[in-house]
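One-based numbering along the sequence shown. Side chains are part of it too, since the values below use all heavy atoms of this structure and drop only hydrogens, waters and symmetry mates.
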Amino acid sequence: MARPPALKLAEVLAEIRMSTSAFYRLRARGQAPRMIKLPNGELRCRRADLDAWWEACERDTPGWR
């Protein structure tokens with residue numbers, strides 16, 4: 001079974017509607033989705049990691065529904 005391709009950083013940013021600078025601030029605080037750094041320096045995010053991050057954000061937000 002083939003592994004689904006990981007999302008590029010631009011795709012992640014578009015989905016979560018966040019600027020690059022805001023994302024890197026979040027990442028510096030350890031609050032961003034888990035990312036994979038490729039040998040060429042580019043970042044990728046697995047779909048499962050992004051979905052898990054979304055779920056954690058929803059659980060941590062009081063009154064969210």
Is any side-chain heavy atom of Pro33 less than 4.5 Å from a side-chain heavy atom of Phe23?
-> yes
Would you confirm whether Trp54, through its side chain, and Ile16, through its main-chain N or O, come within 3.5 Å as a donor-acceptor pair?
-> no
Can you tell me which residue pairs pass the salt bridge (Lys or Arg N to Asp or Glu O under 4.0 Å) test with a partner in residues 5-25, sequence neighbours excluded?
-> Glu15-Arg47
Hey, any chance Ile36 and Leu26 share a hydrophobic cluster, counting ILVMFWY side chains that come within less than 4.5 Å of each other, even indirectly?
-> no
Note, Leu43 side chain near Leu38 side chain (heavy atom, < 4.5 Å) = no
Could you tell me whether the side chain of Met35 reaches within less than 4.5 Å of the side chain of Leu9, counting heavy atoms only?
-> yes
Closest non-hydrogen atom pair between Cys45 and Val12, with its separation = CB-CG2, 3.7 Å
